[in-house]
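A quick write-up on the structure given underneath.
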2 protein chains.
Amino acid sequence: MAKEAAGRARPGRAPAPAGRRARPRQAEVAGLAGVSQATVSLVLSGRDIATGRPISAETRAKVLDAARSLGYVPDPAASRLAAARNNLLGVFSFTATFPTDVRHSYYPFLVGVEQEAAAQGYDLVLFTGSSTGGAGARGAGALNRVRLADGCLFLGRHAPADELSRLVADGFPVVHVGRSDEPEGLAWVGADYVSASREVVAALAGLGHRRVLLVREDDDAPASADRERGFLDGLAASGLPGGPGAVFRSGDPRRELTADRVRAWLAEGVTAFVAEETDTGAAWRALRAAVDGAGLDCPGQVSLALLGSPPADLADGPVPMGFDIPRPALGAEAVRLLAARIAGGPAEGTLVACAFRPGATAGPPATP
Amino acid sequence: MAKEAAGRARPGRAPAPAGRRARPRQAEVAGLAGVSQATVSLVLSGRDIATGRPISAETRAKVLDAARSLGYVPDPAASRLAAARNNLLGVFSFTATFPTDVRHSYYPFLVGVEQEAAAQGYDLVLFTGSSTGGAGARGAGALNRVRLADGCLFLGRHAPADELSRLVADGFPVVHVGRSDEPEGLAWVGADYVSASREVVAALAGLGHRRVLLVREDDDAPASADRERGFLDGLAASGLPGGPGAVFRSGDPRRELTADRVRAWLAEGVTAFVAEETDTGAAWRALRAAVDGAGLDCPGQVSLALLGSPPADLADGPVPMGFDIPRPALGAEAVRLLAARIAGGPAEGTLVACAFRPGATAGPPATP
DNA sequence: CGCATGAGGTAATGCGCATTAACAGCAGTG
DNA sequence: CACTGCTGTTAATGCGCATTACCTCATGCG
């Protein structure tokens, strides 16, 4: 190449967006220290020692002095470009509820996610519109935005399997928070609803209950299926009657959960009710409303349990028997798994145990 | 491997960190579409229309199809390096408290930030370790990480002015949530504590109170200073006695806020107390404890007001007179300002009004 | 017919850093 | 004394994208 220093207009960058200048680069540090840019990079990144690259103490000192005196700070964009990774983890949520509700289920995860991400040296990218179910989450290919990060966490009961499978197939590191078999090869961390639900039934059986009924929503998320399975397992383990008659699906307008219906169940010998928790808390609300409507005393005349934590707006009532989902722990575990996947680890599923909560809504069955 | 092409061994990057499948780049999109990388860049950035570059509709379509089918997404680091922008907004917090506390002050902002960011077409980067005061926040130059984003929001009462001023001086777009004069030229959005506090005092004066006392923490954040100023302004406007005697700084062990002290003030003619809100809620807690300890009825014997919203764990008590900080609105406004700064706008300060809350802790003064 | 004009696109370049082959010096060996 | 093995440093290269100078065709026009 010939005439450069001459008056040739050169392509490439424009003359710098006014105001943004003055940041010293490694090249300038190198000039001041009288070494090459490569040496500066080696010294400043400490890669000289780590990789057995020998750099004399004298050179090190010169470079460090020069860097300090110029106030050098590395440009993260450049570092990340050169290193082919950006230390960014994505967070994307499919929970389509308004922010006020989301606050209660989404944020506890985030607490754990953030702590563990910090521990692993990652920053987080929140894909906007995802937690609010807004425009950002819509449209085919919207999920592709997440490829910007080194890997991504997905939250929510109903993940779009087809969209996800594309990412998984491409080998993009993905971890779903919540058990999921849908896209083959998807890594996930989930709460162990089966064991936890079984434990709740066992506790009720231990109190003397012989007929227990599950109220669940008419919705087929894995989380609901797991609770039902644990519930039925628990009945079987305690020798109690199971089968379809032990499960009531609410949500259907023709099968409303009314006070009358509750009275009818009691007449049939049911002494305890178990509701599943979801992000809306609908099943638990309906159950409580029906029991209150029937004027029943709890736990005097009827025992109640909730397979999860009560929604925040019902927090003032008596603490229900049930279990707590360790959301921060789940978030942290998800980050660990994701970091492992980014490093080339396998796509496995992990269950995290829930904590049993005795509560104050269950007692011995009433003797008629 | 046989010497490819020209047989020259080439330095530069290693052959990609095993397992990490390369994200599609513009070059691959170009290959699939049968055009050059430059064309892809032009089409995908929409720069063709904006700058009057002519690109045929046919070519546009080919490029867009290819990009979609490959799931192309631009590399933020590369965009940033080449063009100095990547549609990412940073969020960094200096509030160094444990997550449980943070939950109540940090998250409401985030709700507004996320909504507005989505509206403006930005995704968010949460710099980890910042809100938890963890490793990520430590060390000089830790703030430099935020340069990855196009601009950054800073939250927290005590921003390190020296670190921030470097960013500001370099022309990096920064907005602080909370009024701040510290680094010259720092843009901020803040709640109008002065007006809101004045309004609370006016309300008390309107009820007939003639001596009102402010309980504040021994801490010199702008937010505290503003409340005090509004309080004193309010006293003056209503012709009530102000001066240092109207303000009590708690926090000092020798000046504890005790029941006895409260009784003494009442004897001196004080009939109402105002406490400032901070992230810990210490002043309000201390005041309530002292009043309760003195066995005083509120609002029968003494009126109370809180310059802010009550901490979540005290939410069950009577709603205090005071004002609510519109945190989501503040967050949204901060994003708008930041977007404007990125676009080259001025570094201004903006005040957002707080909503007066009548509450149930203030009434007419007791007649002795 | 010769040349300007414009449309549609491509080649070349660099952003700031990390990486590595290659080179320069310099002691020890056979 | 050529040769190998070190140690310390540098030149060259590319990461993925944005930018702009420069091509190549048609077409219009005096």
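Within every chain, numbering begins at 1; the chains are lettered A, B, ... in the order of the sequence lines, protein sequences first and strands thereafter. The analysis underlying the following values was restricted to heavy atoms, covering all of them including side chains, and did not include hydrogens, waters or symmetry mates.
- Counting to the nearest Å, the P atom of D:dG14 and the CZ atom of B:Arg25 are 13 Å from each other.
- Side-chain atoms of A:Ser180 never come within 3.5 Å of backbone atoms of A:His176 as a donor-acceptor pair (strictly under, hydrogens ignored).
- As rounded to whole Å, 8 Å separates atom P of D:dG16 from atom CD of B:Glu28.
- A donor-acceptor pair under 3.5 Å is absent between the side-chain atoms of A:Asp170 and the main chain of A:Phe172, judged by distance alone.
- Here the P atom of nucleotide C:dC15 and the CG atom of B:Leu81 are 9 Å apart, to the nearest Å.
- Here the side chains of A:Val125 and A:Phe127 are in contact, with some heavy-atom distance below 4.5 Å.
- To the nearest angstrom, P of C:dG14 lies 18 Å from CD of A:Gln26.
- An OP1 or OP2 oxygen of D:dC17 is reached within less than 4.0 angstrom by no side-chain nitrogen or oxygen of B:Ser41.
- Rounded to an integer number of Å, the gap from B:Leu44 CG to D:dG16 P is 16 Å.
- Considering only residues two or more places apart in sequence or on other chains, B:Ala61 meets the side-chain contact (heavy atoms from CB on, under 4.5 Å) condition with none of them.
- Spacing between atom CZ of B:Arg147 and atom C1' of C:dG16 amounts to 13 Å, rounded to whole angstrom units.
- Counting to the nearest Å, the C1' atom of D:dC15 and the CG atom of A:Asp75 are 13 Å from each other.
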What protein N or O atoms touch nucleotides 7-10 of chain C N or O atoms at under 3.5 angstrom, if any, and at what distances?
unit_1, atom_1, unit_2, atom_2, d
C:dG9, OP1, B:Ser56, OG, 3.4
C:dG9, OP1, B:Thr59, OG1, 2.2
C:dG9, OP2, B:Ser56, N, 2.9
C:dG9, OP2, B:Ser56, OG, 3.3
C:dG9, OP2, B:Thr59, OG1, 3.2
C:dG9, N7, B:Arg53, NH2, 2.8
C:dG9, O6, B:Arg53, NH2, 2.4
C:dT10, OP1, B:Ser36, N, 3.4
C:dT10, OP2, B:Ser36, N, 3.0
C:dT10, OP2, B:Ser36, OG, 2.9
C:dT10, OP2, B:Thr39, OG1, 2.4

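- Between the side chain of B:Asn86 and the main chain of B:Leu148, a donor-acceptor pair closer than 3.5 Å is present.
- Here A:Arg341 pairs with nothing under the salt bridge (Lys or Arg N to Asp or Glu O under 4.0 Å) rule; sequence neighbours left out.
- Comparing the local axis fitted to the first five base pairs of the helix from C:dC1-D:dG30 to C:dG30-D:dC1 with the one fitted to its last five gives a bend of 80°, rounded to 10°.
- Every residue meeting the salt bridge (Lys or Arg N to Asp or Glu O under 4.0 Å) condition with B:Asp65, not counting sequence neighbours, appears here in chain and number order: B:Arg68.
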*Please lay out, stage by stage, how B:Trp188 and B:Thr350 fare under the test side-chain contact (heavy atoms from CB on, under 4.5 Å).*
CA-CA 6 Å; B:Trp188 51 263; B:Thr350 308; 5.5 Å; no
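- We find that CG of A:Asp150 is positioned 14 Å from C1' of D:dC15, with the value rounded to whole Å.
- Every side chain to side chain donor-acceptor pair (under 3.5 Å) that A:Thr59 has, sequence neighbours left out, goes to A:Ser56.
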